[in-house]
Amino acid sequence: MTPFLNGFIITLLFLSGVYAAAVMERWSVTGHVNWGGPVRSFLLLFAREEIKTRKHDKVFFETAPILFIGVILLTISILPFAPGSVIIDLGTGALFINAALVYVMVALLMMGWAINGVYAMIGGWRAIAQLIAYSMPVVMVLTATVMRAESMFLTDIVESQKGLWNILYQPVGFILFYISALAIAFLPPFDLPTAGGELAGGVWADLTGARKLLFRLGRLTLVFTVSAAVVVLYLGGWMGPWLPDFVWTFLKTLLVAASFFAVGRFMPRIRHDHLLEYNWKYGVPLALYNIFQVGVVLLL
Amino acid sequence: MAPLTQYLLLLGMGITTAGLVWMLYLIKQSLGQTLDEPGKDIPAESGNLAPKPAWLRYHVHYYGYALLFLAFDMEMAYMYPWAVVYREVGILALLDMGVFLMILFLGLIYTWTQLGLKRQ
Amino acid sequence: MISVQLILLIIFGLAAIWFGWRVFMTSSMVRSALSLLGSMVAIGILFIIMEAEFLGVLQIMMMGTEMSIMAIFMMMYMMDPGGLGQMDMYHQKNISIAAGVIVTVLIVGAAFATDWGTIATQFPGPHEQNRLLGMEILKRSMMIFETAGVTILTGMIASIAVALSIKNSVEK
Amino acid sequence: MELLITALIIAAVLFGIGLYGALSQTNLVMIMMGIELMLGASMINLVAFWRYLHPEAFSIQMFVLIAMTVMALEGAVGFAIATQRFRTSGSVEMEESAELKG
């Protein structure tokens, strides 16, 4: 494939994936599938006036949305859709995913501080609590996939799953990564920074207009990105019979994103101290066990 | 692709994103100004008007985890290169990292016994 | 010859210096913590530009968490984290400026005075680097790596013991 | 050559700023920020030496990892001391810590 066609296909897949995620998010809230909904809410937010809170921190108020959406786009650019269809195949891809997604939470902290409102500020700290909670298990399970592939190239990690997908090879790792992916994207059971019910919207509470639009768009992109990461790392990426390879990646990604939203519909929100406690008391030992298991199986 | 080209591409993507966001801001600005109404710019606080700026001293309840995390986090710096060569080296690598992780796990257990793993 | 690498090095070096300068020039605590984050990220990008990709990405990742934790600790301990009161938090300012300038000039002088010999042109690519670093950890620097583990354990125990002991004894 | 010199100059300036911060600030957490800047500058130097002088010596990269570890541990222990000082005396200003003098 020529690079131009390649980039075109990736952009198209990406845009349609984000649109589908938007439709699914509405479905997870209202229970109806409404294909025109995202367009309407886009126009609504685009036309709405921009209210800036009094005495906001100007620098962070302007840069936080850019940082938020920027790091997510950088992450999607290193995830492979098919052997040839990857914008940048980075030599430290598996680490880069983790490094970029840390900055999602930093952006939330910045925005929470910038607004100068109590709810937003508490939302910002909870973002860091969530980061502390999920970061360790994510790193450890990512290492286990790297161990199997003997390389940090994401394409190599997909190739290493040729015989057996990682979801079967390291089921504990998959479960931990799946839960952590929900926490990375701050989706409903773990939507502490932006909790609608108890924090009145948290970090997003006082945003209107373009900044709210950017955060909503960034969140949808983030959901698509982490689903794609789950597919690449655990569900065999582009592998599958009959269909072209990028179609397989896309379908699996949509399936994972749908499951994310479906889980959020039926789960109660978890308190941030409980999240920290469960992750450190059970998540870290389980991740260690996962590494040990993968290590022993690899040596046999 | 040469590594430096890749990094330039990443940089270009970042700059493009920033440019697009800036264009969005410009378009928004050209569409109209915000009306200046009393009480509009005060952050939401459950119906009341927030009396003071929110930049005060707060107690952050998870600082025990934060301290543990700062130290525990460093383990990943050694784990990634280790994972890349794991198969090549074999049983020696497993033992090495086993010892290393056991040492760190002792720290986790110590924190647990010192009641660090709860809301402070 | 002015290469792309040199231009990038200068741009991000200036960014690192500017952010580093902002750390001490603002009275808003969270701003200074996040400026330090900016400086550290710029240092990480410098590593990446110098083609030590693993170290660069690692630096960017570690500092993201570390500096945001620093920001929340700032909010816990400072009287005025927003910098609304414009408090003066300096002492011995002139001596410090003199020390900083003298040390900088000395190091720059040393950098210019030294004969650095030939510059290497051949170096391993990113993946090869990861592999070789892993080999270094497991073969030659194995004891250093285990010692680092013990150091981390010591740091963990020290910090937890210092931070929580009085609190626990009061609660019991 | 100019690449190496540039990197060294950047590191020198950062080191100077860090030293200025560590000496002039009265606040424990701000002093730690100065120290972290100095460590960051030394890491730039190490990476520049690795890349431009000895690309085959991976003990230099190992050294950078150790420096990063020191940075994180310095952060953890520093925050712990700050917590303790804040709990016992209600502030982290270092000028008020005169009772620590020998």
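Letters A, B, ... are given to chains in the order of the sequence lines, protein chains preceding strands, and every chain is numbered from 1.
Interface check for chain D: of the options C:V103, C:T118, C:I17, the most heavy-atom pairs under 4.5 Å are formed by C:I17. In terms of heavy-atom pairs under 4.5 Å with chain C, the best-connected choice from D:Y20, D:F15, D:F58 is D:F58. Across C:T65, C:T104, C:I107, the residue that shares the most heavy-atom pairs under 4.5 angstrom with chain D is C:T104. Per-residue heavy-atom pair counts under 4.5 Å with chain C were compared for D:A11, D:G21, D:G75, D:A41, and the maximum is reached by D:G21. Your options are D:I5, D:V29, D:I17, and the one with the most heavy-atom pairs under 4.5 Å with chain C is D:I17. Per-residue counts of heavy-atom pairs under 4.5 Å with chain C were compared for D:I10, D:L8, D:T6; the largest is that of D:I10. Counting heavy-atom pairs under 4.5 Å between each of D:N45, D:T69, D:L37 and chain C puts D:L37 at the top. Ranked by heavy-atom pairs shorter than 4.5 Å toward chain D, the options C:S39, C:G100, C:A98 are led by C:G100. With chain C as partner, the option from D:H54, D:M43, D:E56, D:M32 having the largest number of non-hydrogen pairs under 4.5 angstrom is D:M43. Comparing C:L133, C:I152, C:I144, C:V108 by heavy-atom pairs within less than 4.5 Å of chain D, the highest count is held by C:L133.
Put simply, the side chain of C:S141 never gets that close to the backbone of C:I137: no donor and acceptor are under 3.5 Å apart. Under a 3.5 Å cut-off, the side chain of D:R51 and the backbone N or O of C:F47 do not form any donor-acceptor pair. Looking only at distances, no side-chain donor or acceptor of C:E53 sits under 3.5 Å from a matching main-chain atom of C:I48.
Below 30°, between 30° and 60°, or above 60°: for C:F73 and D:F79 the angle between ring planes is below 30°, a parallel geometry.
Between C:L58 and D:L65 the shortest side-chain heavy-atom distance falls below 4.5 Å. Residues D:M33 and C:M74 have side chains in contact (heavy-atom distance under 4.5 Å, counting atoms from C-beta outward). Annotation: side chain of D:L23 is not in contact with side chain of C:I95 (no heavy-atom distance under 4.5 Å). You'll find the side chain of C:M40 reaches within 4.5 Å of the side chain of D:M71, heavy atoms only.
When heavy atoms are compared at a cutoff of 4.5 Å, C:M70 approaches chain D by way of both its backbone and its side chain. Looking at D:V64, only its side chain comes within 4.5 Å of chain C, counting heavy atoms on both sides. The part of D:L19 that comes within reach of chain C is its side chain, from C-beta onward, which places non-hydrogen atoms under 4.5 angstrom from that chain. Only the side chain of C:L36 has a heavy atom closer than 4.5 Å to any heavy atom of chain D. The parts of C:L132 that come within reach of chain D are both its backbone and its side chain, each placing non-hydrogen atoms under 4.5 angstrom from that chain. Within the 4.5 angstrom heavy-atom criterion, atoms from both the backbone and the side chain of C:M50 approach chain D. The part of D:L4 that comes within reach of chain C is its side chain, from C-beta onward, which places non-hydrogen atoms under 4.5 angstrom from that chain. Heavy-atom distances place both the backbone and the side chain of C:Y77 under 4.5 Å from chain D. Heavy atoms closer than 4.5 Å to chain C are found in the side chain of D:L73, but not in its backbone. With a threshold of 4.5 angstrom between heavy atoms, D:M68 approaches chain C through side-chain atoms but not through N, CA, C or O. When heavy atoms are compared at a cutoff of 4.5 Å, C:Q129 approaches chain D by way of both its backbone and its side chain.
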Taking it one step at a time, do C:I43 and D:L14 satisfy side chain to side chain contact (heavy atoms under 4.5 Å, CB included)? CA-CA 10 Å; C:I43 290 177; D:L14 270 180; 3.8 Å; yes
Derivation of the ring-ring contact (aromatic ring centres under 6.0 Å, His included) call for C:F12 and C:W18: CA-CA 10 Å; C:F12 283 100; C:W18 191 77; over 10 Å; no
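Distance check: D:I66 CD1 to D:Q61 CD gives 13.0 Å after rounding to the nearest 0.5 Å. The CG atom of D:L3 sits 10.5 Å away from the CG atom of C:L8 when rounded to the nearest 0.5 Å.
By the neighbour-count criterion of 12 heavy atoms within 6.0 Å, atom OH of D:Y52 is densely surrounded, having more than that number from other residues, nucleotides or ligands.
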